[in-house]
Asks: 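Quick one: the structure is below, questions incoming.
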Amino acid sequence: MARDAQENLPFAIRHFSPEALKEALRKMHLIRLFEEGAEESYMRGLIHGTMHLSIGQEASAVATCMELTDADKITSTHRGHGHCIAKGADVGRMFAEFFGKETGYCHGRGGSMHIADVKTGNLGANGIVGGGLPIAVGAGLTAKRLGRDDVTVCFFGDGANNEGAFHEALNMASIWKLPVIFVCENNKYGMSTAAAYATAVPNISDRAAAYSMPGVTVDGNDFSAVAEALHIAIARARAGEGPSLVENLTYRWRGHSKSDRNRYRTKDEIEDWMSRDPIQRFRAELIAHGVLDEAGAEAVEAAAKDAVAQGIEFAKAGPAPAITDVTKFVHAEAAA
Amino acid sequence: MARDAQENLPFAIRHFSPEALKEALRKMHLIRLFEEGAEESYMRGLIHGTMHLSIGQEASAVATCMELTDADKITSTHRGHGHCIAKGADVGRMFAEFFGKETGYCHGRGGSMHIADVKTGNLGANGIVGGGLPIAVGAGLTAKRLGRDDVTVCFFGDGANNEGAFHEALNMASIWKLPVIFVCENNKYGMSTAAAYATAVPNISDRAAAYSMPGVTVDGNDFSAVAEALHIAIARARAGEGPSLVENLTYRWRGHSKSDRNRYRTKDEIEDWMSRDPIQRFRAELIAHGVLDEAGAEAVEAAAKDAVAQGIEFAKAGPAPAITDVTKFVHAEAAA
Amino acid sequence: MNAQTHIKEAGSKTREMSYAEAIRDAMAIALERDPTVVLMGEDIGTYGGAFQVTGDLVDRFGKDRVMDTPISELGGAGVAVGAALTGLKPIYEFQFSDFAALAMEQIVNQAAKLRYMLGGEAAVPVVFRMPSGSGTGAAAQHSQSFEAWFGHVPGLKVVQPSTPAEAKGMLLAALEDPDPVIVFEHKLLYKMKGEVPEGYYTTPIGKAAVVRVGKDVTIVASAIMVHRALEAASKLAAEGIEAEVIDLRTVRPLDRETIIASVKKTGKLLCVYEGVRTLGVGAEISALVAESEAFDYLDAPIQRLGGAEAPIPYNPDLERAAVPQSPDIESVARKLAKGEV
Amino acid sequence: MNAQTHIKEAGSKTREMSYAEAIRDAMAIALERDPTVVLMGEDIGTYGGAFQVTGDLVDRFGKDRVMDTPISELGGAGVAVGAALTGLKPIYEFQFSDFAALAMEQIVNQAAKLRYMLGGEAAVPVVFRMPSGSGTGAAAQHSQSFEAWFGHVPGLKVVQPSTPAEAKGMLLAALEDPDPVIVFEHKLLYKMKGEVPEGYYTTPIGKAAVVRVGKDVTIVASAIMVHRALEAASKLAAEGIEAEVIDLRTVRPLDRETIIASVKKTGKLLCVYEGVRTLGVGAEISALVAESEAFDYLDAPIQRLGGAEAPIPYNPDLERAAVPQSPDIESVARKLAKGEV
Ligand SMILES: Cc1ncc(C[n+]2csc(CCOP(=O)(O)OP(=O)(O)O)c2C)c(N)n1
Ligand SMILES: Cc1ncc(C[n+]2csc(CCOP(=O)(O)OP(=O)(O)O)c2C)c(N)n1
Ligand SMILES: [Mg+2]
Ligand SMILES: [Mg+2]
């Protein structure tokens, strides 16, 4: 392919191998199917408590994590299933966690809101809105102090950007030039509260200037746009030039959690966003650029479907924690 | 005076009556002399604990409060003596408070760090850096809800601007268009920590954009510049157009508190700022514009000196709280 | 329980409603009676609150009286403090009491102390509502019981209503109070139904209620534990053991008299609370009895059942095991009554 | 007090130093031994810390190891948590423990729970240092004693060293601990001098110390109250009353054994602590004794001396009256020993 033609291609197509792109599509399908599987399991009483599904936001999760290795860290949110899968977790152990099993990632102690996979660099979802923001800065500090070149991606929502923790974290990351990328998944609402009401600026990325860091707003349902923004931010972070703020505009198709009656947004709005499905869009793009064909795409989706089905079986089969083990894991074993 | 000539005059000279300007000078002297009196009383063991003196910042305090009435509120800081006097408090009752007397503004319970005079609209100094920021927003909310036209000025320091409370408070004031003016007294340091190190932007007012509110940085030792910035911000607030951020660049001549060894700034820097004394500058300006003459200025200063001397006598004479009254004022009497 | 005993000026009629509805009723009455009352909190408007407690109040009273706040707990609480200081009477709802950890500075360093620090020259009549407790499968950061923290803070009052009638009456009492009041609402109680007096009334802060009279053992319980204790007591009654059950209702100030009088009668005390056992509310109740004249009447060591020394786990069986359940209460109370401890 | 009893691997030599110097010595040793140790906090660099505890460490170890943080307690604590989670061992200094009210979310919702929520797959070896207590004339927002709050939180350990030797040994023990530890340092102790072993040693967390042996009454005290209790005890000794004084040292986990053994011997217990009386540390100590086998040995009601039910006032006489002083301890212990309560 000639250089010129190259440059007209979307960033993702230019930049990633077909293998990597297929894997990305697989992960997006896997997230969608995982969320649907979790939803169904919830209905069937296999999962209790509450859950925050990320259906509709798959491009944001996967494209953001595209260039991260296991050494790189993420901090995630209450809406964190997608991040966890994007970062490389196994859906079987995730389901097991949601089913409260000892075989789950958190040995049944954490559930959906604390899903984590430290081995693939996911430091954990967080039940506290904004809770992960300073923690991510701390991870960045560790990398810098120990002379490692890993970066930390901090996921947070539009709602979280009004927490004081946001301000303190971004300021510190900036003055210390830490390798942290703040990724705001702006899905227009924090629970029922519109970002347009609760946030005094039109774009969350407008706030980057208050911390002298680059800020950019991208179409969070456009895989390539997100991947490109992250590519730039990660390069900056690895070069020791400091943090960036990337805002992915996206939308959650489902309610905020299982208790949402959806009274704060219109059916039209929801349907409009659903018609712009990030997975179908990416899939079409891959096909258009010859990365795979329709059958190949079907196969990718089918593989994801299998993984979810197997994951649920794995989870069901796992043992529950011993009821006498309530205080296990409070402290390190030796020090307990 | 012709209109053109008028327009070349400093804002303060144009805008305020000679009486008001003389009163402003008196208050600036009063603050300086009060602080010196407090310092001396501390040395002599009449005051215990710690104190944060505002010597060098008198123009900021007085010019900021210039157009405020008793109905308008301020929230103040640990470095709040000047604010308290500027808002109209009696120095006798202030000294009495510092001496721990029942006749003090807080009946000896608060001391320097909690000095307040609710009747003149001072809702109190605050021992917590940033503590007054959301409280000021609450005061603004009350005014708006009750349909009153009073405004609230929220004093805070450059150090405080890195607290999460700053972010949350400015955001809420903005989305609700509350009549609050955030006045940052940027004296270059939060304790020993340079704003240039701790704050990721050159000017604190740069952060106003993150809340879609006007932000301006002025020479905080220039009485007229501060008064003009406040005039604009107050008009905006009273018109229901919302909050503003005004940054007064100034300098504290003394150490942060009584325990400061001044190792983080140079003698040169301190002397340079002392050579730009805001009181002498204002005084010279008033004389130059014929508001008063040298003798008149001397008389103003002498009156302030008298007030301080009398205040100290008043304070000394006052009774101490009864030692059995430790739990008095914890709750309202009836509800206790 | 005789609701009449703790009602100041209630209408004679009652109506069955849930705990959540009773709280909403109290807020509606307050909003109607007093133009300075405002509700603040995250998603309390159109959404109706995370637990549907404010419900449709925004439709009835408008967005100026029922204000959605950004996700800014420290600032939101502080705005409520500042508003209370200057003439409003705000009720600030935390979505979960766990998030009050973000606002301790405004609640404890400011609201609780302002009157005192200003020598009585200021008042902060604010109410903080806090959905609290475990049992919803929401894990460690959404299930805590912080009443002991606030109970340790002079300048605050802390209540834990256990029935719909109490919830309404105590919230109205909190609003009448000139000082800051923290109201803990147990999430598992929101759907509990009960008879609630119509109209305006208050349930006094600082008074415990003897909700079951007995002579063999005193059980002091709070919030949902009151119901578990009553369940245990009726099982024990079948065996001939008469437990006296006290609904604590207020953590600060504690009702020493009611507790001490009961222990003097029974000679045996069991404290039941959901918060972590160590340094939880039961520690204070035990200590106040052990230092009181009731000490001489004690026939057995004072027993406590509190939350496990662990964060609340997600797995539902572990979660249940982490806080006292009715059979646990029954078993300890039985042993105590029988002189087996 | 025999420092040797609580030292693991101390050099044989000791040196006189202040409590603040001992803490600095511990930090210097840690910074030297372990490249992952970092100090963080407001003005801990050039300024040397609000109480001059870090002193000149920044000159010796540089700004990367001794980091000034912006005035951002929630964020600062959170950065320390994140750093601990990923491989550093941070010691975060609060200028005053009161400001921890801003950081409860990171300390309690995150640091304390992360290991548990992640099923043991993560660790947060962070140390929070908190200058604490009253007596400096700094009034209500700079004088609090929050140890009861943290003592109520599973996942945390909480220590209150009362001597220079303990302060050094417990800080080093805290750094060895794989879980978060809160160290309360009483501001009035910073200048107290004492013999401190040179070199590396640890004073175990979770062990109280009998600092004076007696038979007539047990006084359990912590932090500065240990010294006031010892003063009271020596006055009482002149009258023939032998008080046993226990230095609590650790609030979480409490050393039940040492306390219970002493009460079984003396039959009388007085708990002395500076935090607010209600729901303070003494409540838990009283409760653990009242529920233990020591109950049967109790000859008198358990007594508590704690902080007043008020914010700390500014006026110095009021401030002194707000917390237990040596004569208060003496008087209650005397009455207790004489059977007058
Ligand atoms: C500190 C805190 N406040 C409130 C909540 C309750 N809550 C959970 S998610 C949520 C909305 C978060 O909005 P956003 O950050 O935009 O994330 P999204 O849910 O849209 O992904 C709220 C208010 C919480 N968990 N933590
Ligand atoms: C929450 C909190 N953190 C830290 C402190 C200790 N402290 C008191 S004043 C101060 C510096 C404040 O700096 P700035 O806001 O610039 O005000 P200035 O002293 O310069 O007037 C600090 C760190 C405090 N009182 N409150
Ligand atoms: Mg959102
Ligand atoms: Mg400053």
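Chain letters run A, B, ... following the sequence lines, proteins first and then strands; every chain starts at 1.
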Asks: Quick one: which residues of residues 315-323 of chain B reach chain D at under 4.5 angstrom, heavy atoms only?
Replies: A320(B), P321(B), A322(B), I323(B)
Asks: Establish, yes or no, whether the cationic atom of K193(D) lies under 6.0 Å from the six-membered ring centre of Y19(D) and within 45° of the ring axis.
Replies: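 Not satisfied by the 6.0 Å and 45° rule.
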Asks: Are F128(D) and F150(D), when compared by the centres of their aromatic rings, separated by less than 6.0 Å?
Replies: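 They do not qualify: ring centres at least 6.0 Å apart.
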Asks: Where on A308(D) is there a heavy atom nearer than 4.5 Å to chain B: the side chain, the backbone, both, or neither?
Replies: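 For A308(D), side-chain heavy atoms alone lie under 4.5 Å from chain B.
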Asks: Taking all non-hydrogen atoms of both residues into account, name the closest pair between F95(B) and G37(B) and its distance.
Replies: CE2-C, 3.9 Å
Asks: Between Y197(B) and chain D, which part of the residue has a heavy atom less than 4.5 Å away: side chain, backbone, both or neither?
Replies: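 It is the side chain, since no backbone atom gets that close.
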Asks: Pick from S72(D), A101(D), A139(D), G45(D): which one has the most heavy-atom pairs with chain B under 4.5 Å?
Replies: S72(D)
Asks: What is the minimum heavy-atom distance between S54(B) and G82(B), and which atoms define it?
Replies: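 Minimum heavy-atom contact is OG-N, 3.8 Å.
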Asks: Taking the six-membered ring for Trp, are the ring centroids of Y92(D) and F94(D) within less than 6.0 Å of each other?
Replies: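 So the answer is yes for these two rings.
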Asks: Most heavy-atom pairs under 4.5 angstrom with chain B, which of T136(D), D68(D), I71(D), N315(D)?
Replies: I71(D)
Asks: Taking every heavy-atom pair that is under 4.5 Å apart, which of H107(B), R109(B), E97(B) has the most such pairs with chain D?
Replies: R109(B)
Asks: Who among G137(D), G48(D), P313(D) has the most heavy-atom pairs with chain B under 4.5 Å?
Replies: G137(D)
Asks: Using a 4.5 Å cut-off on heavy atoms from C-beta on, say whether the side chain of M40(D) contacts that of E93(D).
Replies: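 Not touching, per the 4.5 Å side-chain cut-off.
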Asks: I'd like to know whether the aromatic ring centres of H142(D) and F99(D) sit less than 6.0 Å apart in this structure.
Replies: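 Yes, the ring centres sit under 6.0 Å apart.
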Asks: Measuring heavy-atom distances to chain B, does A50(D) have an atom under 4.5 Å in its side chain, in its backbone, in both, or in neither?
Replies: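 For A50(D), backbone and side chain are both near chain B.
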Asks: Quick one: which of I128(B), I47(B), N161(B), T327(B) has the most heavy-atom pairs under 4.5 Å with chain D, could you say?
Replies: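 Looking at each of I128(B), I47(B), N161(B), T327(B) in turn, I128(B) comes out on top.
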Asks: Between M191(B) and chain D, which part of the residue has a heavy atom less than 4.5 Å away: side chain, backbone, both or neither?
Replies: both
Asks: How about H48(B) and Y314(D): are their ring centroids closer than 6.0 Å?
Replies: yes
Asks: Count the heavy-atom pairs under 4.5 Å between each of A160(B), S257(B), G164(B), G159(B) and chain D, then report the option with the highest count.
Replies: G159(B)
Asks: Just so I know, are the side chains of M130(D) and E147(D) near enough to count as touching, which here means a heavy-atom distance under 4.5 Å?
Replies: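 No - every pair of side-chain heavy atoms lies 4.5 Å or more apart.
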Asks: Going by heavy atoms in the side chains, are K188(B) and R252(B) under 4.5 Å from each other?
Replies: no
Asks: Give, as side chain, backbone, both or neither, the part of Q52(D) having an atom under 4.5 angstrom from any heavy atom of chain B.
Replies: side chain
Asks: Taking every heavy-atom pair that is under 4.5 Å apart, which of V330(B), D260(B), T199(B), T50(B) has the most such pairs with chain D?
Replies: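 Answer, by heavy-atom pair count under 4.5 Å with chain D: D260(B).
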Asks: Find out whether N126(B) and T77(B) are in side-chain contact, i.e. whether some heavy atom of one side chain is under 4.5 Å from a heavy atom of the other.
Replies: no
Asks: With only heavy atoms counted, which part of L318(D) is less than 4.5 Å from chain B, the side chain, the backbone, both or neither?
Replies: both
Asks: Between F156(B) and F166(B), is the ring centroid distance below 6.0 Å?
Replies: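 Aromatic pair counts; centres sit under 6.0 Å.
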